[in-house]
Amino acid sequence: MKSLALFAALFVLVSAAQGQRVDLIANSDARKTMSLDGQWQTIVDPYESGYYDYRYQPSPNGYFKNAKPKTESDLVEYDFDSSSTLKVPGDWNTQSDQLFFYEGSVWYKKSFDYQRRPNARVFVYFGAANYIADVYLNGEKLGQHEGGFTPFNFEITNLLRDSGNFLIVKVDNKRRRDAVPTLMTDWWNYGGLTRDVKLIETPATLISDYFIQLQKGSRDRVVGWVKLNGAQFSQRIIVRIPEAGVAKAFATDASGTALVDLTADLKLWSPENAKLYDVTIEAETDQVRDQIGFRSIETRGTEILLNGRPIFLRGVSIHEEAPFRGGRAYSREDAQTLLGWAKELGANFVRLAHYPHNEHMVREADRMGIMVWSEIPVYWTILWDNPATLENARNQLSEVIARDKNRAAVVIWSMANETPLGEARLSFLRNLVGFARSLDSTRLISAAMERHYVGATTQVIDDPLGEFLDVLGCNEYVGWYDGLPDKADRLEWRTKYEKPLIMSEFGGDALFGKHGDVLARWTEEYQENLYRHQLAMLKRIPFLRGTTPWILMDFRSPRRPLPKIQDYWNRKGLISNRGQKKKAFYVLQRYYSDLQK
Ligand code: GCU
C-alpha cells in the first residue's frame with residue numbers, strides 16, 4: 001500500500017492558480033464539456049512578429065491581445081477576424097499547399113461564450129499541439145506546453161467571461177537540436193492543433209486523477225488510487241464496478257488521495273475477450289465514469305504472460321497518419337480504420353510509433369482487444385547530456401502514462417527508438433526506465449534497440465540498455481538496407497539476455513501497383529519476397545515473442561523524395577495510403593493465421 005501512496009504522490013497535485021495545469025480527467029462522460037473544435041482564425045507568423053518586437057524581445061502587445069483599431073488613426077497590423085482559417089483538430093500542412101513544408105509559428109484564435117455554473121471550475125484542454133504551444137485567454141498568458149503528442153490543460157475559471165472570450169494559441173513546430181524528437185525524423189513534422197480542444201467544467205473539488213488496475217501478477221486484486229483537487233480534501237470515495245458486484249468505500253488522506261484496494265471476481269481482458277467494465281468513482285463533490293479492462297501482463301524468462309498464460313504478440317507498427325486523406329490522424333474513425341486493418345492481418349498487438357498517438361487509438365484498442373506498445377519520441381540522436389532534454393522526455397512520459405494508465409490494451413511503455421550506444425545515452429534512458437517504473441509498476445518496459453554482427457551471419461542483441469528492460473525490442477532491415485532478402489536465410493540470432501524479444505521493425509518499400517522481378521526494388525514482388533525470407537528467419541529465433549513489422553500503412557516523410565515512387569512517402573506500408581493492400585500483406589496475414597493454429 002505504501003508504494004501505491006508513492007505512485008499517487010508522483011502524479012503531482014497542486015491547487016491550481018490561474019493558468020496552472022492540473023491532472024484532469026478529461027474524457028469521462030460524467031463531465032460537462034464544450035468542444036472548441038472547428039474553424040479557427042489563424043495568422044501564419046514565420047518571423048514571430050506577433051510575439052517579439054524588432055529587438056527580438058517578447059512584446060507586451062503581441063497578437064495574443066487580439067487588438068482592434070479603436071479609431072481610424074489607430075495602427076493595428078493584424079486582424080484575426082479577417083484572416084484565413086484552419087480546421088481544428090488538424091495539422092496545417094495538409095490543409096493548405098502553402099503550408100505543406102511550413103515549419104514555424106501559426107497563431108490560432110477562437111472566440112466563444114460560456115456560462116459557468118456557480119462555484120464550478122473551468123479548464124481548457126488540448127489533446128495535443130505540435131510542438132510548442134503558448135496559450136492565452138482574453139489577452140492573459142495561461143502558460144506554455146512543449147511536446148507534440150500528449151495532452152495538457154489550463155485552469156481558466158477566473159479569466160472566463162460569460163461572453164466575448166477569445167482563446168489564442170501560438171503553435172510553433174520548428175525542430176530544435178535539444179528537443180524531443182530532435183532535428184531528424186523519418187516522419188512528417190505535421191504542425192498545429194492536431195487533436196481536440198475543449199472546455200471542461202468541474203466542481204470546486206474534483207476527482208483529478210485515478211489509477212485502477214489489477215495488481216501485477218494478480219487475477220482478482222484491484223489496486224490503485226483516486227486523487228482530489230480542490231479545497232475539500234477529506235472525503236469518502238466509493239469505487240463501483242456494478243457488473244462485478246463491487247461497491248467499496250475508501251477515505252482520502254491529508255493530500256486528498258485515497259488508496260484503492262479491493263478484490264473482485266473479474267472476467268479478464270484479452271484479445272479473445274476484450275472485456276471492459278463500467279467503473280464509477282464517486283466522491284462527495286464529484287463523480288467520474290470510465291470503461292476499464294482488467295488483465296495482468298508479465299514476463300517469465302523469455303515468455304510474455306498475459307493473464308498468466310504465454311502469448312505471442314502478432315503485431316504491426318503504425319504511424320499516426322490518416323488513412324486515405326493523409327495528414328495527422330485524430331479521429332475515432334481513423335483509429336477504427338487503422339486498427340481494423342491490423343485485425344484483418346490477424347494482429348493482436350500494435351506498436352504505435354514513435355510517439356503517443358491520440359486517445360481514440362488506445363480506447364479503440366481497448367474495445368477491439370488489441371494490445372499496444374506505446375512510445376515516446378526519444379528517437380535516434382537526442383541531446384543525451386542536456387538536463388532540459390531529459391526533463392522534457394520525462395514530462396512527455398508522465399503525460400502519456402497519466403492519460404493511458406487505465407487502458408488494459410496498453411501493455412508496454414517504450415522509452416526510445418534506435419538510439420546510439422554511449423554512456424550519456426544509457427544514463428538518460430535508465431533514468432526514463434526508472435521513472436516509468438515509479439509511475440506504473442503494472443506494465444512492461446521496452447525500447448527499440450539495434451543489433452550488430454558477430455562474424456558474417458550472427459546477429460547479436462547485447463545493447464547494455466537490455467539489462468534494464470523487461471522486453472527487448474530490436475529493429476532490423478535485412479533484405480532492404482542490409483543486403484538482399486535471401487540474406488535472412490543465412491542468419492542466426494543471439495542475445496545475452498534471458499528475456500523475450502519483439503522484432504519491433506523489419507520490412508522494405510514497395511509502391512502499390514508496381515510489379516516486377518522479385519529482386520526489383522520498389523515492386524510488390526520484392527516486398528513480398530522479403531517478407532517470406534524474413535518470416536522464415538524469425539521462426540528460427542528461439543526467444544522471439546512478438547513482431548511489429550514496419551509498417552501497416554505508407555506514411556509521409558521528408559526524407560523520401562524519390563519521384564514517382566516515394567514522392568515524400570515512406571512506402572514500407574503493407575497497405576498504401578489509399579488503403580490498397582500490397583502482396584506482402586497476405587504473406588504476413590498467412591503467418592499470423594498459422595500462429596493461431
Ligand atoms: C527506422 C526507423 C523508422 C524508419 C524506418 C525506415 O528503423 O525506426 O522510423 O521509418 O527505419 O527506414 O523506413
Side-chain angles (χ1 to χ4, degrees), residues 130 148-149 175 179-190 315-321 326 328-329 338 350-357 373-382 412 414-421 425 429 446-453 459 461 463 465 471-485 488 501-512 521-524 526-527 530-531 534 538 546-562 565-577 582 584-585 588:
N130 191 46
F149 304 100
R175 287 168 292 123
V180 179
T182 182
L183 294 170
M184 181 67 83
T185 66
D186 192 28
W187 68 81
W188 206 267
N189 183 24
Y190 290 123
V316 69
S317 295
I318 304 180
H319 253 301
E320 196 183 37
E321 185 84 48
R328 192 54 77 211
L338 293 167
V350 290
R351 176 186 176 207
L352 302 183
H354 292 290
Y355 38 77
H357 288 210
W373 160 306
S374 172
E375 187 163 292
I376 53 170
V378 174
Y379 180 89
W380 287 347
T381 312
I382 295 282
I412 295 178
S414 167
M415 302 299 111
N417 180 74
E418 290 186 356
T419 49
L421 303 185
R425 168 256 190 188
L429 295 180
S446 188
M449 302 179 287
E450 295 177 297
R451 74 293 118 65
H452 63 93
Y453 276 91
Q459 304 278 298
I461 303 170
D463 181 328
L465 176 63
V471 174
L472 309 173
C474 181
N475 297 356
E476 54 89 5
Y477 281 93
V478 174
W480 186 254
Y481 298 126
D482 173 8
L484 294 174
L501 168 68
I502 293 176
M503 203 61 89
S504 41
E505 286 184 36
F506 57 93
D509 289 61
L511 177 64
F512 174 78
R521 295 233 178 208
W522 313 109
T523 62
E524 291 193 44
Y526 187 106
Q527 190 190 45
L530 181 150
Y531 268 76
Q534 276 292 314
L538 293 169
T547 48
T548 51
W550 195 258
I551 186 164
L552 178 70
M553 186 189 87
D554 293 355
F555 61 96
R556 271 212 184 87
S557 166
R559 302 178 70 248
R560 313 292 173 174
L562 185 61
I565 295 210
Q566 295 177 316
D567 294 320
Y568 292 115
W569 290 88
N570 182 311
R571 298 289 185 195
K572 292 190 180 66
L574 293 164
I575 301 177
S576 76
N577 49 298
K582 304 174 191 177
F585 177 96
L588 185 66

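Predicted model, so just to flag it, every value in this text is computed and none were measured. Counting convention: from 1, in listed order, for ligands and their atoms alike.
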Notebook entry, point to check: Are D186 and K572 ion-paired here, with the side-chain N under 4.0 Å from a carboxylate O?
Noted result: no
Check: Which residue owns the protein heavy atom closest to atom 2 (C) of ligand 1, what's the atom, and how far is it?
Finding: E505 OE1, 3.4 Å
Next item on the list: Would you check whether Y379 reaches within less than 4.0 Å of ligand 1, judged by its heavy atoms?
Entry: yes
Check: Does some non-hydrogen atom of H319 fall short of 4.0 Å from ligand 1?
Finding: no
Item checked: Residue and atom name of the nearest protein heavy atom (relative to atom 10 (O) of ligand 1), distance in Å to one decimal -> D186 OD2, 2.5 Å
Check: How far is atom 13 (O) of ligand 1 from its nearest protein heavy atom, and which residue and atom name does that atom have?
Finding: K572 NZ, 2.7 Å
Margin query: How long is the straight-line distance from CE of M503 back to OG1 of T547, given to the nearest 0.5 Å?
Written below: 9.5 Å
Checklist line | Those residues that, when tested against D463, pass salt bridge (charged side-chain N to carboxylate O under 4.0 Å, His left out) (two or more places apart) | finding: R425
Margin query: Using the salt bridge (charged side-chain N to carboxylate O under 4.0 Å, His left out) criterion, which residues pair with D567? Sequence neighbours excluded.
Written below: none
Note to self: I'd like to check which ligand 1 atoms, numbered from 1 as shown, lie under 4.0 Å from a non-hydrogen atom of H354.
What the structure shows: 3 (C), 8 (O), 9 (O)
Note to self: Would the distance check show the side chain of N475 and the main-chain N or O of A448 forming a donor-acceptor pair, the cut-off being under 3.5 Å?
What the structure shows: no
Note to self: Show me which atoms of ligand 1 lie under 4.0 Å from any heavy atom of F555.
What the structure shows: 10 (O)
Next item on the list: Record the part of N417 in heavy-atom contact with ligand 1 below 4.0 Å; permitted values are side chain, backbone, both and neither.
Entry: side chain
Next item on the list: Can you see which heavy atom on V478 is nearest to which on Q534, and at what distance?
Entry: O-NE2, 3.0 Å
Notebook entry, point to check: Looking at V316 and P549, what are the two nearest heavy atoms and their distance?
Noted result: CG2-O, 3.8 Å
Next item on the list: Answer side chain, backbone, both or neither: which part of Y477 comes under 4.0 Å from ligand 1, heavy atoms only.
Entry: side chain
Note to self: Given 3.5 Å as the limit, does a donor-acceptor pair link the side chain of S557 with the main chain of W569, or not?
What the structure shows: no
Next item on the list: Measure D509 to ligand 1 on non-hydrogen atoms and call it side chain, backbone, both or neither using the 4.0 Å cut-off.
Entry: neither
Notebook entry, point to check: Heavy atom under 4.0 Å from ligand 1: found in R571's side chain, backbone, both, or neither?
Noted result: neither
Note to self: Students should be able to answer this: which protein heavy-atom is nearest to atom 7 (O) of ligand 1, and at what distance?
What the structure shows: E418 OE2, 2.3 Å
Next item on the list: Show which atoms of ligand 1 fall inside a sub-4.0 Å distance from at least one heavy-atom site of Y481.
Entry: 6 (C), 12 (O), 13 (O)
Checklist line | N570, any N or O under 3.5 Å of ligand 1 N or O | finding: yes
Next item on the list: Determine the interplanar angle of the F555 and H319 rings, folded into 0 to 90°, and report it as parallel if under 30°, tilted if 30 to 60°, perpendicular if over 60°.
Entry: tilted
